[in-house]
Amino acid sequence: MKMNDIKTLYHILSAEFGPLYDWWVAGSPFERIAGAILVQQTRWENVDRVLTELKNRDLMSPGSIAALPLEELEDIVRPTGFYRNKAKSLKAVAEYFTASPIDSMSNKPQHVLRKELLALRGIGNETADVILLYVAGKPSFVIDAYTKKLCGCMGIQGNYAELQRLFEDALPRDVPVYQHYHALIVEHGKRYCGRKGCDSCAVARLRKYRGTPAFELAKP
DNA sequence: CATGAAACTGACA
DNA sequence: TGTCAGCTTCATG
C-alpha cells in the first residue's frame with residue numbers, strides 16, 4: 001500500500017509540476033557539486049549569487065578552490081549562511097576532486113563512492129546522495145526535509161536509510177525518475193508545506209484519489 | 001522592527 | 001538516539 005502511494009504520488013506531482021529539467025541540467029558538474037554544498041539549509045537564490053560570483057572570479061574548478069585561501073572563500077560564500085562551515089566543506093570537496101577527478105566517479109561502484117563522499121567534511125547523507133544522483137548519475141534516492149515531512153503526512157515513519165529504501169523499492173531503479181521525483185518533492189514542498197497549503201497539498205489529493213483515509217493526518 | 005524558515009552537518013552527552 | 005550550534009537572506013506580521 002505504501003509502495004503504491006509512492007508511485008501514485010509521483011504521478012500526481014509529475015502532472016502538476018512537469019519535467020523540471022533545469023534542476024540537474026544547469027551548470028557544470030563541479031558547479032552542481034558546489035551548489036550541493038552551498039544549498040544546505042539555504043535558499044537556492046542565495047546559492048545562485050555565490051555560484052555566479054565564483055564563475056566571475058574564474059574560480060569554478062576544484063583546483064582553483066583548493067588553492068584559494070580559506071578566508072577569501074569565506075567571504076565569497078557568506079551570502080549562503082553557515083559560511084565558515086561551508087568554506088571548509090567546499091575546500092575539502094575541491095581537494096578531493098583535485099586528487100580524484102569528477103569523471104572518475106562513473107568508474108566507481110555506488111557504495112564505494114558514497115562512502116568516499118561521506119568521509120568528506122560537510123557531506124552527510126543527503127548531500128552525498130545529491131552528488132551521486134545529479135552529478136555521478138547513480139541511482140541513489142535523496143531524502144530531504146520535505147521528503148520526511150511528506151512521508152510524515154502519509155503516516156510513514158523512518159530514518160534516512162529506511163525512507164530511502166522505501167522509495168527505491170517502490171520505484172524502478174532509474175536515475176531520471178529519482179532525479180525528477182526529488183525535484184518534484186522540493187518544488188511541492190516549497191509550494192504547499194507552508195502555513196496555508198496543507199489542505200490542498202498532494203497528500204491531501206492522494207487521499208482523495210484513493211477515496212479512503214487509510215493513514216492518519218500528521219500535524220502541520 | 002522581530003521572527004522564522006530555508007535542497008543540513010557535525011559534535012557531543 | 002537526541003539535541004544543539006552554525007549564519008545569511010528574505011517573506012510575513
Side-chain angles (χ1 to χ4, degrees), chain A residues 10 13 17 19-27 29-54 70-96 114-136 138 140-153 157-164 167 175 177-198 201-202 218-220:
Chain A
Y10 177 71
L13 293 175
F17 293 98
L20 301 177
Y21 288 126
D22 292 352
W23 252 73
W24 58 93
V25 173
F30 183 70
E31 193 173 334
R32 279 177 266 160
I33 292 168
I37 299 289
L38 296 175
V39 78
Q40 290 166 5
Q41 200 68 198
T42 309
R43 291 163 208 282
W44 183 259
E45 303 84 74
N46 300 337
V47 175
D48 212 32
R49 289 186 215 163
V50 171
L51 294 178
T52 300
E53 184 61 20
L54 284 169
L70 184 62
E71 287 139 30
E72 277 184 50
L73 191 55
E74 286 181 348
D75 285 338
I76 298 171
V77 306
R78 193 180 303 266
T80 64
F82 304 102
Y83 66 93
R84 277 191 279 256
N85 289 332
K86 284 178 181 176
K88 282 199 200 92
S89 303
L90 199 50
K91 264 184 94 66
V93 167
E95 281 157 19
Y96 169 81
R114 192 170 196 277
K115 204 172 268 185
E116 289 184 12
L117 292 172
L118 284 174
L120 299 174
R121 173 172 188 132
I123 296 191
N125 284 317
E126 182 178 341
T127 307
D129 288 328
V130 167
I131 294 171
L132 285 167
L133 184 62
Y134 291 104
V135 186
K138 308 281 188 186
S140 207
F141 200 89
V142 178
I143 304 297
D144 74 324
Y146 286 131
T147 312
K148 287 173 198 153
K149 186 157 188 175
L150 200 60
C151 286
C153 291
Q157 311 296 325
N159 61 29
Y160 192 97
E162 289 164 348
L163 295 182
Q164 183 175 49
F167 277 86
V175 169
V177 169
Y178 288 11
Q179 290 174 329
H180 190 197
Y181 205 162
H182 173 64
L184 288 169
I185 288 172
V186 173
E187 292 305 317
H188 170 269
K190 288 201 268 198
R191 168 73 180 76
Y192 292 104
C193 289
R195 260 285 194 261
K196 281 202 74 163
C198 250
C201 99
K219 270 225 156 173

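We use all heavy atoms of the structure for the numbers below, so side chains are in, but hydrogens, waters and symmetry mates are not. In the text below, chain A, chain B and the rest are named by the order of the sequence lines, each starting its count at 1. Note that the structure is predicted; figures quoted are calculated from it, not measured.
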Within the pair A:Q40 and B:dC8, is there a side-chain N or O less than 4.0 Å away from OP1 or OP2?
no
side-chain N/O A:T42 vs C:dT9 OP1/OP2, d < 4.0 Å:
no
With nearest nucleotides of DNA chain B determined for A:G189 and A:T127 from heavy-atom distances, which residue corresponds to the more 5′ nucleotide?
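It is A:G189, whose closest nucleotide lies nearer the 5' terminus.
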Spacing of the [atom1] atoms in [M] and [N] (rounded, Å):
N: C:dC7; M: B:dT3; atom1: C1'; value: 16 Å
N: C:dG2; M: B:dA7; atom1: P; value: 24 Å
N: B:dA5; M: C:dC4; atom1: P; value: 16 Å

Check: residues 116-125 of chain A side-chain donor-acceptor pairs under 3.5 Å, at least two apart:
{"residue": "A:E116", "atom": "OE1", "partner": "A:Y96", "partner atom": "OH", "Å": "2.5"}
{"residue": "A:E116", "atom": "OE1", "partner": "A:K108", "partner atom": "NZ", "Å": "2.9"}
{"residue": "A:N125", "atom": "OD1", "partner": "A:R114", "partner atom": "NH2", "Å": "3.2"}

Separation of atom [atom1] in [X] from atom [atom2] in [N], rounded to whole Å:
X: A:E53; N: C:dT8; atom1: CD; atom2: P; value: 17 Å
X: A:N125; N: B:dG10; atom1: CG; atom2: P; value: 9 Å
X: A:K148; N: C:dG2; atom1: NZ; atom2: C1'; value: 14 Å
X: A:R191; N: B:dA5; atom1: CZ; atom2: P; value: 19 Å
X: A:K149; N: B:dA7; atom1: NZ; atom2: P; value: 11 Å
X: A:E126; N: B:dT9; atom1: CD; atom2: C1'; value: 10 Å
X: A:F141; N: B:dA7; atom1: CZ; atom2: P; value: 16 Å
X: A:Q164; N: B:dC8; atom1: CD; atom2: C1'; value: 16 Å

Could you check A:T127, A:T80, A:N85 and say which one makes a side-chain hydrogen bond (donor to acceptor under 3.5 Å, both in side chains) with A:Q40?
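That would be A:T127; it is the only one of A:T127, A:T80, A:N85 passing the side-chain hydrogen bond (donor to acceptor under 3.5 Å, both in side chains) with A:Q40.
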Closest approach of [X] and [Y], non-hydrogen atoms and distance?
X: A:L38; Y: A:K86; answer: O-NZ, 2.7 Å
X: A:R32; Y: A:G27; answer: NE-O, 3.3 Å
X: A:I185; Y: A:T147; answer: CG2-OG1, 3.6 Å
X: A:L163; Y: A:C151; answer: CD2-SG, 4.0 Å

Is there a donor-acceptor pair closer than 3.5 Å between any side-chain N or O of [X] and the backbone N or O of [Y]?
X: A:Y192; Y: A:A202; answer: no
X: A:E162; Y: A:N159; answer: yes
X: A:Q164; Y: A:F141; answer: yes

Within the 4.0 Å heavy-atom criterion, would you say [X] contacts the bases, only the backbone, or no part of the nucleic acid?
X: A:S89; answer: nothing
X: A:A145; answer: sugar-phosphate
X: A:V130; answer: nothing
X: A:I143; answer: nothing

What N/O pairs connect the protein and nucleotides 11-13 of chain B at under 3.5 Å? Give each pair on its own line.
none

Does anything in residues 78-88 of chain A come within less than 4.0 Å of DNA chain C? Heavy atoms only, and list the residues if so.
A:R78, A:P79, A:G81, A:F82, A:Y83, A:R84, A:N85
Angle class for the A:F167/A:Y181 ring planes (parallel below 30°, perpendicular above 60°, tilted otherwise)?
perpendicular
Looking at B:dA5, does its base get a donor-acceptor pair with the side chain of A:R43 below 3.5 Å?
yes
